[in-house]
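Some notes on the structure that comes next.
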Amino acid sequence: MVKVSGAPEEIQLSAGATCREILFKALSRKKLKEVVACKCQERIYDLTSELGEDCSSLDPVLLSSHEGLKILRHSAAHIMAEAVKKLFPSVKVTIGPDIEHGFYYDFDYERPFTPQDLEKIEARMAESVSENKPFERMVVSVREAQKIFLELNETFKLEILDELDEDQVSLYKHGDFIDLCRGPHLPSTGYVKAFKLTSVAGAYWRGDEKRPMLQRIYGTAFASEKDLKKHLDRLEEAKKRDHRKLGVQLDLFSFSDEAGPGMPIFHPKGALVRTILEDFERKEHLRRGYQIVQGPQILRRELWEKSGHYDNYREHMYFTHIDDQVYGIKPMNCLAHMLIYKSRLRSYRDLPLRYFELGRVHRHEKSGVLHGLLRVREFTQDDAHILCRPDQLQDEIIGVVRFVQDVMNLFGFEYVVEVSTRPEKSIGSGDAWEKSTAALTRALEVIKLPYGICPGEGAFYGPKIDIKLKDALGRRWQCATVQCDFTLPERFDLFYTGEDGQKYRPVILHRVILGAIERFFGVLIEHFGGAFPTWLAPVQARIMNITGVQEEYVHYCAATLRDQGIRVELDVRNEKLGYKVREAQMEKIPYVLVAGDQEVEKSGLNVRMRGGKNLGMMSIQDVVDLIYQDMDEPFKKGGLSYRYLY
RNA sequence: GCCCACGUAGCUCAGUCGGUGGAGCACUUCCUUGGUAAGGAAGAGGUCACCGGUUCAAAUCCGGUCGUGGGCUCCA
């Protein structure tokens, strides 16, 4: 017997029955139309699959569900591959999975696809959809599959087959297009009601830059035109939040061809926001037992050799010469911190030592990866190195992760946590890697923070916990990170004197909270859509007069607010009030303070909040208190306390 | 670094078949003194990213360089 969720009774399971047959008995015709696959014990099957005897409960997978959408997109990728093969018979197909917001398929072809090609492919796909061809699943031996793909001259498929361990593989066929594929797929092509090809891009075969460059076509597909339109509208919305666009509009920062790519230039308002962020960080670090330090911008090459950077990180470094000496411009801040530790003997009583530096680093990032403020060549890290005894490691990691949580909550960020393990190019013993990886995961388990694992993604000197934030388009960017390092203490021969008078090696944690101020600022702009919370807003209030009569009064008001640390601007231009209000609104200034004759008479200001809400007239001191309260609000939740005043 | 697309005024964008470059906003001046998202008029503003080629003639066609965008790879 099989229990089908959503059906009133259990269904008799006859040998060789397919999912479709069982669902046919269990569900209404109307509901059945929405079903594209079924799920049994966390595995998803095609409707045409036969159910095993052990299947006791069956979940229909609806087209509108997350899983249904993935199947739809994967099938759309097949339909695209079919269309491409028809239009360009000499292409070779490779792989084509569904991805977060759509799908792609990589092709090997003698020339790149043009936007015009995409239109033709889309038209061909539409034909295939209207023919409503069934997807057929076939299970064959690897040998048979090899024969088929050899005949089709699909060499990439043969390569995949060679690497498979299984004896049997599944093939999917719709019309005359056949593909090696695990599935599952839609019952037929007609289910793909709404799709759009979005872009072409180069992509290396198997993501390896030494292998051939393939042509990747990206597309997206939805269960209905309405959903597709909603998605495209969301993309349009996201563009408005793009930090590069807002950076120009709000006059926060710029890039200049003359200065060079990846070199951000902070304008007064952007520089003020980051100054506040940095000021907050300095105070918060001091509060949490860190010590502020500062190292030089360039250090001798020999020191980079000693640390291992010269061997492992050289291609990302810039070098310069002083007299006959080669100096490396720092891409990381650790070196000087090591020297501070070494500058005197350390006792076990001194540990942990937490050295904090807002360190400006330079890294030679490949030209193709630069991206607004989110990837630049010069940036400032809120970097710290914690030197501690092995028995303190656990608590220190927990302290850092808690710090990250507090700060992310302050801004209201959602984040993803990942543990990255040993990469191919790395230094240190296997034992040290294992120990430090375990220390990281154990810390996350202690504070019950869910995490994923990224195999081989660690830094060359140790494993790490990464905390990633999303930008307006949902792309993930690494911000906070905690990295274990058992090798730097050895390379620098760091030690402390233990209780017994013997020498012991300290352990190092490299860690950042915001990560790079530049990147964090970029993500922050997108997170708030440019409307910074009052404590961070470069201009907190704009004061404006209605006519020239009140000009002297608004100058007085501005001076009064400024005296109490409020960041105010004055707008006394000969313009109508509506015009001045509109401008302040577009600049996303939290408070508009208006003075007309009534306000002058009563020594008050009329308060309009960002977004349009009008609070009416208040005394000047009440306005100051209101803004103070607004500045303090985000900190109350987390038990933090901070106010930037000048 | 690799693949594709793009580069016109401070910003957003027109510019046909190759024939001495346009609009809106912003800016300056003048008029207007107006109560919560754009009052009116006039003016100024460009080596069409840069270099080279084809042509009687190039923003426009071709090549190169630089930069930007979307990906790949890499990473905070």
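Each chain gets a letter, A, B and so on, in the order the sequences are listed, and its residues count up from 1.
Checking B:A57 for Watson-Crick or G-U wobble geometry (two distances, each under 3.5 Å) identifies no partner in any strand. Nucleotide B:U16 is matched to nothing when pairs are restricted to Watson-Crick or G-U wobble geometry with both distances under 3.5 angstrom. Pair assignment for B:G10: B:C25, on the basis of Watson-Crick or G-U wobble contacts that are both within less than 3.5 Å. Across all strands shown, B:A5 forms a Watson-Crick or G-U wobble pair with B:U68, both key distances being under 3.5 Å. The pairing partner recorded for B:G35 is none, the criterion being a Watson-Crick or G-U wobble arrangement whose two distances lie under 3.5 angstrom. Pair assignment for B:C74 gives none, since no Watson-Crick or G-U wobble pairing has each distance under 3.5 Å.
Note on A:Tyr313: every side-chain N or O is 4.0 Å or more away from OP1 and OP2 of B:A76. Phosphate proximity of B:G70 to A:Arg475: present, with a side-chain N or O under 4.0 Å from OP1 or OP2. Between A:His316 and B:A76 there is no side-chain polar atom (N or O) within less than 4.0 angstrom of OP1 or OP2. Of the side-chain N and O atoms in A:Gln478, one or more sit less than 4.0 angstrom from OP1 or OP2 of B:A76. The phosphate of B:A76 (OP1 or OP2) has no side-chain N or O of A:Thr481 nearer than 4.0 angstrom. At least one side-chain nitrogen or oxygen of A:Lys464 sits closer than 4.0 Å to the OP1 or OP2 atom of B:A76. The side chain of A:Arg244 places an N or O atom within less than 4.0 Å of a non-bridging phosphate oxygen (OP1 or OP2) of B:G69.
Nucleotides B:C62 and B:A23 are separated by 29 Å at their P atoms, to the nearest Å. For B:U60 and B:A9, the P atoms lie 15 Å apart once the distance is rounded to whole Å. Here the separation of B:G39 from B:A26, taken at their P atoms, is 9 Å to the nearest Å. With C1' as the reference atom, B:G67 and B:U33 are 48 Å apart, rounded to whole Å. On the C1' atoms, B:A38 is 16 Å away from B:C27, given to the nearest whole Å. When the C1' atom is compared between B:U47 and B:G21, the two are found 13 Å apart, to the nearest whole Å. Atom C1' of B:G7 sits at a distance of 16 Å from the matching atom of B:A14, rounded to the whole Å. Rounded to whole Å, the separation between the C1' atoms of B:U65 and B:C6 comes to 16 Å.
For A:Gln483, counting side-chain heavy atoms from C-beta on, the closest listed nucleotide (B:G70, B:A76, B:G35) is B:A76. Looking at the side chain of A:Tyr579, the nearest of the listed nucleotides B:G71, B:U73, B:A26 is B:A26. Considering only side-chain atoms of A:Lys576, the nucleotide from B:U33, B:G39, B:C4 that sits closest is B:G39. Closest contact between the side chain of A:Arg363 and the listed nucleotides B:A37, B:A76, B:G35 involves B:A76. The A:Ser367 side chain lies nearest to B:G1 when the options are B:C74, B:C72, B:G1. The side chain of A:Arg608 lies closest to B:A37 when the candidates are B:G1, B:G35, B:A37. Of the candidates B:C72, B:A76, B:G35, the closest approach to any side-chain atom of A:Leu577 belongs to B:G35. Closest contact between the side chain of A:Thr547 and the listed nucleotides B:G70, B:G34, B:A37 involves B:G34.
Residues A:Tyr461 and A:His510 bring their aromatic ring centres within 6.0 Å. In this structure, the ring of A:His527 has its center less than 6.0 angstrom from the ring center of A:Phe413.
The stretch residues 409-420 of chain A has no heavy atom under 4.0 angstrom from RNA chain B at all. Only A:Pro261, listed by number, bring a heavy atom of residues 258-273 of chain A to less than 4.0 angstrom from any atom of RNA chain B.
Judged by distance alone with a 3.5 Å cut-off, no donor-acceptor contact links the side chain of A:Tyr204 to the base of B:G71. Judged by distance alone with a 3.5 Å cut-off, a donor-acceptor contact links the side chain of A:Asn606 to the base of B:U36.
No side-chain donor-acceptor contact under 3.5 Å links A:Arg111 and A:Gln215.
Where stacking is scored as ring centres under 5.5 Å apart with planes under 30°, A:Phe379 registers as stacked on the base of B:A76.
In this pair, A:Trp205 and A:Phe156 present their aromatic rings perpendicular. The plane angle is above 60°, beyond the 30 to 60° band.
When each of A:Arg206 and A:Val248 is assigned the nucleotide of RNA chain B with its nearest heavy atom, A:Val248 is the one assigned upstream, toward the 5' end. Looking at which nucleotide of RNA chain B each of A:Asn614 and A:Pro115 is closest to, the 5′-most match is held by A:Pro115.
What separates CD of A:Gln249 from C1' of B:A37 is a distance of 15 Å, to the nearest Å. In this structure, A:His364 places its NE2 atom 19 Å from P of B:U73, rounding to the nearest Å. Distance, A:Met586 CE to B:U12 P: 14 Å, rounded to whole Å. One atom, CZ of A:Arg573, and another, P of B:U33, lie 18 Å apart when rounded to the nearest Å. For A:Met213 and B:G1, the CE to C1' distance is 9 Å, given to the nearest whole Å. Between A:Gln215 atom CD and B:G70 atom C1' there is a gap of 14 Å when expressed in whole angstrom units. As a whole-Å value, the separation of A:Lys245 NZ from B:C11 P is 12 Å. With rounding to whole Å, A:Asp571 atom CG is found 15 Å from B:A38 atom P.
Remark: A:Arg73 is not positioned above the aromatic ring of A:Phe103, lacking an NZ or CZ atom under 6.0 angstrom from the ring centre and at most 45 degrees off the axis. Annotation: cation-pi geometry not satisfied between A:Arg542 and A:Tyr591 (NZ/CZ under 6.0 angstrom from ring centroid, within 45° of ring axis).
Under a 4.0 Å N-O distance rule, the pair A:Lys580/A:Glu583 does not qualify as a salt bridge. The pair A:Asp106-A:Lys92 fails the salt-bridge criterion, with no side-chain N (NZ, NE, NH1 or NH2) lying under 4.0 Å from an Asp/Glu carboxylate O.
In this structure the side chain of A:Glu418 never reaches within 4.5 angstrom of the side chain of A:Glu457, judged on heavy atoms.
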Output, in order, the C-alpha distance, side-chain angles, deciding distance and verdict of ring-ring contact (aromatic ring centres under 6.0 Å, His included) for A:His364 and A:His316. CA-CA 4 Å; A:His364 183 201; A:His316 292 282; 7.7 Å; no
Go through the steps for A:Phe113 and A:Phe88 under the test ring-ring contact (aromatic ring centres under 6.0 Å, His included), then give the verdict. CA-CA 10 Å; A:Phe113 296 114; A:Phe88 314 97; 5.3 Å; yes
Take A:Phe403 and A:His285, measure what ring-ring contact (aromatic ring centres under 6.0 Å, His included) needs, and give me the verdict at the end. CA-CA 9 Å; A:Phe403 195 169; A:His285 275 84; 4.8 Å; yes
Give the intermediate values and the outcome of ring-ring contact (aromatic ring centres under 6.0 Å, His included) for residues A:Phe195 and A:Phe222. CA-CA 6 Å; A:Phe195 66 91; A:Phe222 286 87; over 10 Å; no
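Minimum heavy-atom separation, A:Thr380 to A:Glu518: N-OE1, 2.8 Å.
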